2 protein chains.
Amino acid sequence: MKEQLRAKKVKEVLSNPRNQKEEVQALQDTIYVIGGKWKLPIINSLCNGNKRFRDIQRSIPGITTRMLSRELKEMEANQLLKRTVDPDSPVMVEYTVTSYCKSFGDIILEMIKWGKQHRKKIREVSKAANNNG
Amino acid sequence: MKEQLRAKKVKEVLSNPRNQKEEVQALQDTIYVIGGKWKLPIINSLCNGNKRFRDIQRSIPGITTRMLSRELKEMEANQLLKRTVDPDSPVMVEYTVTSYCKSFGDIILEMIKWGKQHRKKIREVSKAANNNG
DNA sequence: GTAACCAGTATAACGCAGTATACCAATATG
DNA sequence: CATATTGGTATACTGCGTTATACTGGTTAC
C-alpha cells in the first residue's frame with residue numbers, strides 16, 4: 001500500500017535541512033551583488049583596463065549614464081571597486097576593481113565560457129528541431 | 001602639456017577591442033539564464049535531492065507556485081532540467097537537473113562560498129564604521 | 001463528506017530595474 | 001564665441017519580474 005504516503009511526512013521533515021536555507025541565502029546575496037543587467041559587464045570592462053567613466057560607458061553598448069552611475073555607486077558600497085579622484089585641473093575620476101572583486105574573477109571567466117557554450121548549444125538544438133520538424 | 005588629451009582619441013579607438021563585445025554578450029547570456037531571484041536556488045534545491053514540485057517549493061522560502069512553475073518551464077526550455085511524469089494514479093512529476101546543468105555546479109558552489117564571505121565582510125565593515133563614527 | 005495533499009493555472013496588481021531625455025559645471029579646441 | 005568632452009544629476013516614464021490570492025481537478029486520509 002503506497003509507502004510513498006508514509007514517506008511523505010518524513011520528507012516533510014527532511015526536505016529543508018538546516019544548512020539549505022543558509023546556502024540559498026548566500027546564493028541570493030551573490031546574485032543580488034552581481035546580478036542585474038550591468039554589474040558583471042562593468043566588472044569585465046574594468047578588468048579589461050577601462051578606468052574612466054566615459055570609457056567604461058563606451059565599452060558597454062546600451063548602458064545609460066544613469067545606470068552606469070547608479071551601478072558604480074552601489075558597487076563601491078559593496079567594496080567591489082574603488083573610486084579615486086585626481087583634482088588636477090581637468091578633474092579625473094578613476095574606477096578600479098578591488099582585490100576583493102578580483103576574488104570572483106574566476107566566476108566571471110567561467111560564466112563567459114558557459115555563455116559561449118550555451119549559445120552554441122541552443123543554436124544546435126534549434127537546428128535539430130528544424131531538421132526534425 | 002597634459003598628453004592625456006592626446007591619448008584621449010587613441011583610447012576612443014582602442015576602448016572597445018573586438019572580443020570585448022562578445023564576452024559581454026556571453027556574460028549577459030549566462031546572467032539571463034541563471035539570473036533573477038529564483039533560478040539558482042532552484043538548481044541548488046534540485047542538486048540537494050529535491051525532485052517533487054512541492055518539495056522544491058518548501059525548500060525555497062518565499063517562492064510562489066506561480067514563480068516556481070514559470071521558472072521550471074523556462075529552465076526546461078534551456079535544457080537545465082528534465083521533467084518526467086509517472087502517470088500512475090497519484091500522478092507524479094519529477095524534476096531532475098541535466099548533466100548540462102551540472103556543468104556549472106562549480107559556479108554555484110563558488111557563489112555560495114562568495115555570498116557567505118561577503119555577508120561576513122559587509123558585517124565587519126559596518127562594525128568598523130560604527131567604531132570610527 | 002470534508003479536509004488535506006499534489007501539480008499546477010488564472011487574474012490582477014505592485015514596485016523597481018531600466019530607459020529616455022535633458023541638463024549642469026568645468027575644461028579644452030579652433 | 002560655438003562646440004565638444006568629462007563626470008555625472010534630475011525628472012519622468014514604462015515594462016516586466018515578482019507578488020498575492022484564488023482556483024481547478026484528481027487522490028488519499030479520517
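This structure is a prediction, so every number in the text was calculated from the model and none was measured. Chain naming here is simple, since letters A, B, ... match the order of the sequence lines and numbering starts at 1 in each.
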Check your understanding: Which residues pass the side chain to side chain donor-acceptor pair (under 3.5 Å) test with A:E71, sequence neighbours left out?
Key -> none
**Study point:** Given DNA chain C, 5'-ward residue of the pair A:V91 and A:M67, judged by closest heavy atom
**Key:** A:M67
Review point. Among all residues two or more places apart in sequence or in another chain, which pass the salt bridge (Lys or Arg N to Asp or Glu O under 4.0 Å) test with A:R66?
Key: none
Exercise for review: Indicate whether OP1 or OP2 belonging to D:dG8 is found under 4.0 Å from a side-chain N or O atom of A:Y95.
Suggested key: yes
Review point. Just wondering, do B:I42 and B:M75 contact through their side chains at under 4.5 Å, heavy atoms?
Key: yes
Review point. If only side-chain N and O atoms of B:R70 are considered, is one of them under 4.0 Å from the OP1 or OP2 phosphate oxygen of D:dT19?
Key: no
Review point. For the pair made of CZ in A:R83 and C1' in D:dT6, what is the distance, rounded to whole Å?
Key: 12 Å
Review point. Heavy atom of residues 29-39 of chain B under 4.0 Å from DNA chain D: which residues?
Key: B:G36, B:K37, B:W38
Exercise for review: Provide, to the nearest angstrom, the distance between the CZ atom belonging to B:F53 and the P atom belonging to D:dT24.
Suggested key: 18 Å
Check your understanding: Once you round it to whole Å, what is the distance between C1' of C:dG8 and CZ of B:R52?
Key -> 13 Å
Review point. Are A:K37 and B:I31 close enough that some pair of their side-chain heavy atoms sits under 4.5 Å apart?
Key: no
For nucleotides 11-15 of chain C, print each protein N/O atom paired with a nucleotide N/O atom at under 3.5 Å, atom names and distance only.
unit_1: C:dT11; atom_1: O4; unit_2: B:R66; atom_2: NH1; d: 2.8

Practice item. Ignoring the backbone of B:T65, work out which of C:dT9, C:dT19, D:dT9 is nearest its side chain. Key: C:dT9
Check your understanding: Does the A:T98 side chain pair with the main chain of A:Q79, one donor and one acceptor, at a distance under 3.5 Å?
Key -> yes
Review point. Is B:K39 close to B:V33 at the side-chain level, that is, under 4.5 Å between some pair of heavy atoms?
Key: no
Point to revise | Euclidean distance, atom CE of residue A:M92 to atom P of D:dT6 [Å, nearest integer] | key: 12 Å
Practice item. To the nearest Å, give me how far apart CD (A:E94) and P (D:dT6) are. Key: 14 Å
Review point. Given D:dT9, is OP1 or OP2 found less than 4.0 Å from the side-chain N or O atoms of A:S69?
Key: yes
Point to revise | Candidates C:dG8, D:dT28, D:dG17 - which lies nearest the side chain of B:V93 | key: C:dG8
Check your understanding: Going from CG on B:D29 to CD on A:Q117, what distance comes out if it is rounded to the nearest 0.5 angstrom?
Key -> 12.5 Å
Check your understanding: Rounded to whole angstrom units, what separation is found between the CD1 atom of B:I63 and the P atom of D:dT21?
Key -> 17 Å
Point to revise | Distance in angstrom units between B:D55 CG and C:dC5 P, rounded | key: 13 Å
Check your understanding: What pairs with B:R70 under side chain to side chain donor-acceptor pair (under 3.5 Å), at least two apart in sequence or on another chain?
Key -> none
Review point. Got a sec, which pairs hit ring pair (Phe, Tyr, Trp, His ring centres under 6.0 Å) with one end in residues 106-130 of chain B, sequence neighbours left out?
Key: A:Y100-B:W114, A:Y100-B:H118, A:F104-B:W114, B:W114-B:H118
Exercise for review: Round to the nearest Å and state the distance from A:R54 atom CZ to D:dA4 atom P.
Suggested key: 14 Å
